[in-house]
Peer 1: 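Dropping a structure here in structure tokens format, bear with me for questions.
Positions are given from 1 along the sequence. Just the heavy atoms: all of them, side chains too, but no hydrogens, waters or symmetry mates, feed the values below.
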Amino acid sequence: MRRLLPTLLLLLACSTALAQPVPGSFEARLLTLANRDRAAHRLPPLAWDDALARAALRHGRLASAYPTLQHQYPAEPALQLRAAAAGAHFATVAENLAAANVSPEAVERSWMASPVHRENLLDPALNAVGIAAVPAHGLLYIVQDFGRDVPVQPGGSVVRQVQQLLLERGIRPAASPQAAAEARANCPLEDTTVGHPTLVLRWEGADVSSLPPVVRDHLSAARTGTAAVAVCTPQRPNPGFTVYRIAILLY
């Protein structure tokens, strides 16, 4: 925590029912300022996220009851669990805090002058934000919760996306129902293999827009024409984080 404006502004940053901010509100102005600064660095804007805003509001109310700013108070869940409980689905989260009786412009300037706050505001991997400003004790307790929003997709949609990525590499979907069944059976396994594929590749992640580098390397080395794909429950689920476990069986 740093005292940037004596008695006026306290900041804290962490790199881990509101519908939209009310026009003209403190929250709306901070959203506009954040996106202005991102635009100045040729970064896409942050979208308002209702779930992150609910998590920010709950934390702001709690922060107003304590003498110091903290990212986690006694008996309070960690940031990622707070966001998950509010309904967020994400691949990463981060948080900026402030206690201030200054303008939104002053808060934004102070955040941008602080390396860790600036890093959150200008993180290209983040695409969503929820903000709350809770009045108490003559101050506003300001919480800015960021996330990389990753909506949960049905398993069939994930399979089709991976099949398309494989098709772009010349690997066709296996037509056999047995291959599809073997992919489903192999997906939750760790070191064993069911059936007779020539190679089994498994990984967990949130992004299905591209194949992980290690998977691409194995595919480049393999001489195969078909593959079966399955998606299943992750081995190590993390509340709030969107994670898929995917298996590719090469034939």
Side-chain angles (χ1 to χ4, degrees), residues 1 9-23 25-35 37-38 43-100 104 107-108 110-111 114 116-137 139-153 206 234 236-243:
M1 183 169 62
L9 181 62
L10 298 175
L11 302 180
L12 195 68
C14 170
S15 296
T16 152
L18 298 175
Q20 287 287 330
V22 176
S25 66
F26 203 99
E27 293 90 343
R29 185 58 183 158
L30 275 179
L31 176 63
T32 297
L33 293 169
N35 283 332
D37 286 333
R38 287 176 67 90
L43 294 171
L46 297 167
W48 182 265
D49 186 278
D50 291 352
L52 290 173
R54 288 192 294 271
L57 179 60
R58 291 170 186 169
H59 190 66
R61 287 172 174 167
L62 189 57
S64 69
Y66 283 84
T68 61
L69 290 176
Q70 302 289 338
H71 289 292
Q72 185 177 5
Y73 292 99
E76 184 189 30
L79 171 58
Q80 67 185 54
L81 296 178
R82 298 198 306 266
H89 296 281
F90 45 82
T92 186
V93 289
E95 183 173 79
N96 284 347
L97 302 179
V107 173
E108 182 72 9
S110 297
W111 275 342
S114 167
V116 66
H117 299 85
R118 179 187 179 92
E119 182 179 355
N120 287 340
L121 283 161
L122 301 182
D123 188 340
L126 300 173
N127 62 10
V129 68
I131 306 169
V134 178
H137 319 299
L139 298 174
L140 285 177
Y141 289 80
I142 305 156
V143 183
Q144 192 175 47
D145 282 349
F146 303 90
R148 179 183 166 202
D149 181 49
V150 181
V152 177
Q153 302 183 58
R236 294 167 290 278
N238 199 339
F241 283 96
T242 301
V243 179

Peer 1: Going through the checks in order, is the side chain to side chain donor-acceptor pair (under 3.5 Å) test met by Q72 and H59?
Peer 2: CA-CA 8 Å; Q72 185 177 5; H59 190 66; over 6 Å; no

Peer 1: Measure the shortest side-chain to side-chain distance between V107 and L30 over non-hydrogen atoms and say whether it is less than 4.5 angstrom.
Peer 2: yes

Peer 1: Can D145 and V129 be said to form a side-chain contact (heavy atoms from CB on, under 4.5 Å), step by step?
Peer 2: CA-CA 6 Å; D145 282 349; V129 68; 6.0 Å; no

Peer 1: Say whether, by atom type as modelled, one donor and one acceptor occur between the side chain of R38 and the main chain of L43 under 3.5 angstrom.
Peer 2: no

Peer 1: If you define the side chain from C-beta out and look only at heavy atoms, does anything of R29 sit under 4.5 Å from E108?
Peer 2: no

Peer 1: Q144 and side-chain contact (heavy atoms from CB on, under 4.5 Å): which partner among L31, L52, L97, N96?
Peer 2: N96

Peer 1: Which pair of heavy atoms, one from L69 and one from A99, lies closest together, and at what distance?
Peer 2: CD1-N, 3.7 Å

Peer 1: Looking at every heavy atom in both G60 and Y141, which two are closest together, and how far apart are they?
Peer 2: O-CB, 3.9 Å

Peer 1: Please give me the minimum heavy-atom distance between L121 and A34, naming the atom from each residue.
Peer 2: CD2-CB, 3.8 Å

Peer 1: Looking at W111, is its backbone amide N or carbonyl O close enough to the side chain of S114 to form a donor-acceptor pair, meaning the two atoms are under 3.5 Å apart?
Peer 2: no

Peer 1: Evaluate the side-chain proximity of Y66 to P74: yes if any heavy-atom separation is below 4.5 Å, no if none is.
Peer 2: yes

Peer 1: Considering all heavy atoms of both residues, which atom of N120 and which atom of F146 are nearest to each other, and what is their separation?
Peer 2: CB-CE1, 3.8 Å

Peer 1: Please check if the side chain of H71 supplies one atom and the backbone of L79 the other of a donor-acceptor pair under 3.5 Å.
Peer 2: no

Peer 1: For a quick check under 3.5 Å, do Q70 and T68 share a side-chain donor-acceptor pair by atom type?
Peer 2: yes

Peer 1: Is R82 reaching over with its side chain to a backbone N or O of P77, donor-acceptor style, under 3.5 angstrom?
Peer 2: yes

